[in-house]
Visitor: 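Below is a structure I'd like to ask you about.
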Amino acid sequence: MLDKTLSPASFEQRLYEGWEASGAFSADPASGAAPFTIMIPPPNVTGSLHIGHALTFTIQDTLIRWRRMQGRDALWQPGTDHAGIATQMVVERLLGSQGVNRRDIGREKFLEHVWEWKAQSGGSITRQLRSLGASLDWPRERFTMDAGLSDAVREVFVTLHEQGLIYRDKRLVNWDSKFQTAISDLEVENREMKGSLWHLRYPVEGEPGRFLVVATTRPETMLGDTAVAVHPDDERFRDLVGRHVILPLTGRRIPVVADEYSDPEKGSGAVKITPAHDFNDFAVGKRHGVAMPSILDAQGAVWLEEIEASLQAVPGVADPAFVRSLAGQDRFAARKAIVAELERLELLEKIEPHNNAVPHGDRSGVPIEPRLTMQWYCDAATLAKPAIEAVETGRTEFVPKHFENVFFSWMRDIQPWCISRQLWWGHQIPAWYAPDGSVFVARTEEEAYAQARAKLGDGVTLTRDEDVLDTWFSSALWPFSTLGWPRKTPELEKYYPGDVLVTGWDIIFFWVARMMMMGHHFMGDAPFKTVYIHGLVRDEKGQKMSKSKGNVIDPLELVDSFGADALRFTIASLATPGRDVKLGRKRVEDFRSFGTKLWNAARFCEMNGIAPNASFDPSKVQTPLARWILDAANSAIAEATAALEAYRMDDYAGACYRFVWNSFCDWFLEFAKPALNGPDGAEKAEVKGAAQHVLGTILRLLHPVMPYLTEELWDRFGYGAEFSLIRAAWPEPVAVPGAEEARAELDWLVSLISTVRGVRSEMNVPPSVTVPLLLQGASAGTLARGERWIEAIRRLGRATEFRALAEGEAPKGVAQAVVGEATVLLPLAEVIDLGAERARLAREQDKVKAEMAKITAKLSNADFVSRAKPEVVEENRERLAASEAELARLQAALARISD
RNA sequence: GGGCACUUAGCUCAGCGGUAGAGCGCCUCGUUUACACCGAGGAUGCCGGCGGUUCGAAUCCGUCAGUGCCCA
């Protein structure tokens, strides 16, 4: 016997372990079944499960479970990425708390600590995913630093290098001065900051007393200025182009150049050019061939080595001693000192308040410093081409489609991808340097030495590049590296390309773009056919969840409180493609009742001896009720399947919800009660047969989104062996004889009962009062139906009998309502207020009249009749006729009580 | 500054050319033996504004306004 209340905690863990132990999550490369593959976008190994994960993995698990039930050989590839910066940061902090600095213990020792950390606390997310019910193929779990995946990384690096698609270059990078490494554009977030615009006076050479005023948000960088740019059309500065100004403090003589980058509307109209510390200035500097000295070191402190030689004393303008005093000062301290010095020299024209977007490292939180360094780059533009083409030709499709624009705009303007990172944790770059600076890129050190000896002779000593690769470099290979590439494996053969990548729109550039670039280049095909983009989870007010705001909700806590199924069903119901999901505890609490409803319906079935019956044949059913519910189940199956095919989790959940609650519980079980309470016989047997069949269908239909509850009921009822629902067949519509007539009959019955209930409620008839239903103008068919359903009508319509109004019978004080061709009279002389009933009927009439007026207006429009589709015109004619008939019946009803 | 999305019942959102919907909330009623995480009934909308296309527009097109996001 099922418990009176549903308690998910009592079975979730047991079921998960049962599935896992039985191998239900495992793909089988040897099977002949068509594969269905989802590559988990590998979460960060340092991460723990947050609500955004719950969203994305619920969607993925729902798709995987559904396809598995459809008989596909489902592979859902689990694993984590090694998260270079994040992991190194975590371990450094840990060591720091023990007073250990990584530089003191050295690279090797430090990496031992990282692996130790990983073994102990890394990947807790994979354990947490289990409580969500995620049916990942755990024995296949991979980590981007695994040996196999590392081989893939080396292979890709060397190959791309050989092909000229990976190269070293000295360019500006986003430098994170906290972690002292280059980071990607995508790891930079712009923060709107209140700052200032400093207007600085640069003395014009050869014209004492004349200044060119430049406006800057970063006065400290002026030490590295090598030009001033003005707009070529700007009359104010035309005579200065080609001449020079004296850079204050350093005394350097720098040219005034004409460049369209300078915006005459902004600031003073003249802009200082610091090529080594600003991306725009870098471009201007390149155009004009000026020097590019760096003036900050890796920590963001003033560094004079590259400008020392050019320092020159200029009375009242420049003093090398002051500049030297700045050496080693932090960039922000230096700013203060420089501004003060300029002010003292009266070279500071003014300071304006100014808001600007300041780039910050998304992990370090410190302002990013553009820095000119030698790094490894990947020619992303070349790799992007086939990926762009795949989306253009529809070989890879985005759902929803408009996200393709985001993808295109990024991919078509993609910059060289800086792939080296000045970290210890990650894939060390397979490049070795000879003392003469030659670079040898090879799969192994031996190979590198072989190359080096061939070129430089025996006895050469190589040192390996200290840097590691961007974590995304290895994640980009995930769709094939996890399958064994570069080895040719059965898995690679069978599961590449995958079917769908599921991720949020914020990650299009990271996973989607890079996986596509590498997939096309190395596998000759896109890594997935569909990219399903979902939204981000926000709080109930639509705000982004963040620890600092304190508005995060913990999915594991929600699972504890309401069960994994409730959380999953809530997420599915709210997951409209591409739209952000506003989610709070309350929403999950509300949706929990759906699981309870299903549980109780099952419990009712159990109490009535409804049990799995394999010999039940839905094509043989006779009763309208069985036919009707089986037919409705067919519709639900069709709707749910279509919704899943279209990645509409909300529609899928909605279709299940409506069928279970509104069709199965509200009407079917209620209509079944008389038969179930009645004597054994063919009718009862058939109702029970239909009930068990439909309950089984419901469990299978809901399993992808509510795996635990459905499996528990499946097992308890004995629809199959323990833990077998996960592998049960996805329901298919069954042939139901006489479905159309059954639908007509049950629709009529529902309409009759609803109408009677409505009238009673409006007339304030207490439920304890039961009355006869007297039919005026009812057809023989209707009367026969009433006969058949008398028990249900009594029970649900609070009626004593259902019969035709006798000839000459004229009960006083009736409430009336039109149902189909008939009018139902409820004799309520004792309880009814005739005035109220008249008013009610008049309101009904008004409604019908308004409806008629609308339709009449349409039909009397000649253009409508001649131009609209014939079936639309016909439909309106029918509706008008129906309304006219209803109005006539209402008028008759009113007349009946008017005297 | 460029681009994208959104604006429908009190709230959260479906619908995207042919009778305005759901869930939650609200109001009324309810010990009918599955379920109060329930049942029955009810109210609530110039579908952001203005133009246009169309026989017909919440739905298509322009435009304006507001909101959010991405890129610069």
Side-chain angles (χ1 to χ4, degrees), chain A residues 2 4-6 185 189-190 263 265-266 279-280 357 400 402-406 408-410 413 505-506 508-509 535-536 538 540-544 562-563 566 570 573-576 578-584 586-587 589-608 610 648 650-651 653-654 657-658 661-662 665-666 669-670 672-673 676-677 753-768 770 794-798 850-852 854-855 857-869 871-873 875-876 878-880 882-883:
Chain A
L2 297 179
K4 193 164 185 316
T5 51
L6 163 65
D185 299 352
E189 57 179 38
N190 288 308
D263 180 354
E265 306 289 315
K266 263 191 191 163
F279 285 92
N280 291 313
H402 70 255
F403 283 105
E404 289 178 0
N405 296 332
V406 179
F408 285 140
S409 68
W410 167 259
D413 184 36
W505 47 255
D506 56 330
I508 291 174
F509 307 138
L536 268 39
R538 297 174 176 279
E540 282 137 319
K541 292 180 213 128
Q543 299 209 301
K544 219 170 178 168
F562 309 119
T570 306
S573 299
L574 302 178
T576 307
R579 282 189 71 149
D580 287 352
V581 176
K582 285 181 201 160
L583 186 65
K586 176 75 164 52
R587 304 301 296 273
E589 194 176 343
D590 290 343
F591 273 104
R592 167 183 56 164
S593 52
F594 177 63
T596 310
K597 186 74 182 177
L598 176 56
W599 180 264
N600 282 305
R603 193 161 159 270
F604 173 78
C605 288
E606 186 189 40
M607 290 167 68
N608 282 279
I610 290 162
R648 289 299 303 253
D650 54 340
D651 286 347
Y657 186 100
R658 285 190 302 275
W661 205 308
N662 305 131
C665 294
D666 287 349
L669 291 182
E670 293 304 327
K673 280 175 183 174
L676 293 171
N677 291 337
I753 291 168
S754 298
T755 304
V756 169
R757 280 169 168 175
V759 170
R760 291 177 55 106
S761 177
E762 275 188 75
M763 300 313 294
N764 288 317
V765 182
S768 53
T770 55
R794 278 195 180 126
R795 191 187 173 89
L796 303 176
R798 311 296 299 150
E851 176 70 9
M852 282 171 62
K854 267 163 86 176
I855 305 171
K858 262 191 190 181
L859 288 171
S860 53
N861 179 344
D863 283 331
F864 172 71
V865 178
S866 61
R867 298 195 189 208
K869 278 178 279 185
E871 58 267 32
V872 173
V873 177
E875 189 192 316
N876 276 279
E878 283 165 14
R879 275 171 46 209
L880 183 59
S883 295

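Scope of the values below: all heavy atoms of this structure, side chains included, with no hydrogens, waters or symmetry mates. Since the model is a prediction, treat every value here as computed from it, not as a measurement.
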Visitor: Reckon A/C605 touches a base, only the sugar-phosphate, or nothing at all at heavy-atom distances under 4.0 Å?
Guide: nothing
Visitor: Between C1' on B/G21 and CG on A/D650, what's the gap in Å once rounded to a whole number?
Guide: 14 Å
Visitor: So which one's nearest nucleotide on RNA chain B is more toward 5', A/F509 or A/E762?
Guide: A/E762
Visitor: Which part of the nucleic acid, if any, lies within contact of A/R794, taking any heavy atom under 4.0 Å across all strands shown: a base, the sugar-phosphate backbone alone, or nothing?
Guide: nothing
Visitor: Whole-Å distance between B/C37 P and A/W599 CH2?
Guide: 17 Å
Visitor: Determine the Euclidean distance between corresponding P atoms of B/G42 and B/G21; express it in Å to zero decimal places.
Guide: 13 Å
Visitor: If the C1' atom of B/G39 is compared with that of B/U33, how far apart are they to the nearest Å?
Guide: 14 Å
Visitor: Produce the list of close N/O pairs, under 3.5 Å, pairing protein atoms with atoms of nucleotides 23-33 of chain B; give distances to one decimal.
Guide:
{"residue": "B/C24", "atom": "O2'", "partner": "A/D590", "partner atom": "OD2", "Å": "3.4"}

Visitor: For B/C16 versus B/U8, give the span between their C1' atoms, rounded off to a whole number of Å.
Guide: 12 Å
Visitor: Anything below 3.5 Å on both distances counts as a pair; with that, list the stems of at least three consecutive Watson-Crick or G-U pairs involving RNA chain B.
Guide: B:1-7 with B:65-71, B:10-13 with B:21-24, B:26-30 with B:38-42, B:48-52 with B:60-64
Visitor: Atom CZ of A/R760 to atom C1' of B/G39: distance rounded to whole Å?
Guide: 14 Å
Visitor: Nearest-Å distance, CG (A/N600) to C1' (B/C35)?
Guide: 4 Å
Visitor: Nearest to the side chain of A/H402, heavy atoms from C-beta on, is which of B/C4, B/C37, B/A34?
Guide: B/C4
Visitor: Look at the side chain of A/E670 and the base of B/A40, then say whether one donor and one acceptor between them are separated by less than 3.5 Å.
Guide: no
Visitor: Any base atoms under 4.0 Å from A/K597, or only sugar-phosphate, or nothing? Heavy atoms, all strands.
Guide: base
Visitor: Output the rounded distance in Å from CG (A/D580) to P (B/U7).
Guide: 13 Å
Visitor: Mind checking the C1' distance from B/G62 to B/G68? Whole angstroms is fine.
Guide: 23 Å
Visitor: Can you check the A/N190 CG to B/G2 C1' distance for me, whole Å?
Guide: 15 Å
Visitor: Would you say B/A14 has OP1 or OP2 under 4.0 Å from some side-chain N or O of A/R579?
Guide: yes
Visitor: Sticking with atom C1', work out how far B/A20 lies from B/A14, rounded to a whole angstrom.
Guide: 12 Å
Visitor: Would you mind classifying the nucleic acid contact of A/S409 as base, sugar-phosphate or nothing, using non-hydrogen atoms under 4.0 angstrom?
Guide: nothing
Visitor: Should A/K4 be listed as having a side-chain N or O under 4.0 Å from OP1 or OP2 of B/C35?
Guide: yes
Visitor: Given B/G41, B/A34, B/U19, which nucleotide is nearest the side-chain atoms of A/K854?
Guide: B/U19
Visitor: Angle between ring planes, A/Y657 versus A/F594, binned at 30° and 60°: parallel, tilted or perpendicular?
Guide: parallel
Visitor: Using whole Å, report how far CD1 of A/I855 lies from C1' of B/G56.
Guide: 14 Å
Visitor: Please state how far atom CH2 in A/W505 lies from atom P in B/G68, giving the value in whole angstrom units.
Guide: 13 Å
Visitor: Which listed nucleotide (B/G39, B/G18, B/G41) is nearest to the side chain of A/V872?
Guide: B/G18
Visitor: Between A/K869 and B/U54, is there a side-chain N or O to OP1/OP2 distance below 4.0 Å?
Guide: no
Visitor: Short question: side chain of A/R760, backbone of A/P766 - any donor-acceptor pair under 3.5 Å?
Guide: yes
Visitor: Which part of the nucleic acid, if any, lies within contact of A/E851, taking any heavy atom under 4.0 Å across all strands shown: a base, the sugar-phosphate backbone alone, or nothing?
Guide: base
Visitor: So does A/R538 get a side-chain nitrogen or oxygen closer than 4.0 Å to the phosphate oxygens (OP1/OP2) of B/C6?
Guide: no
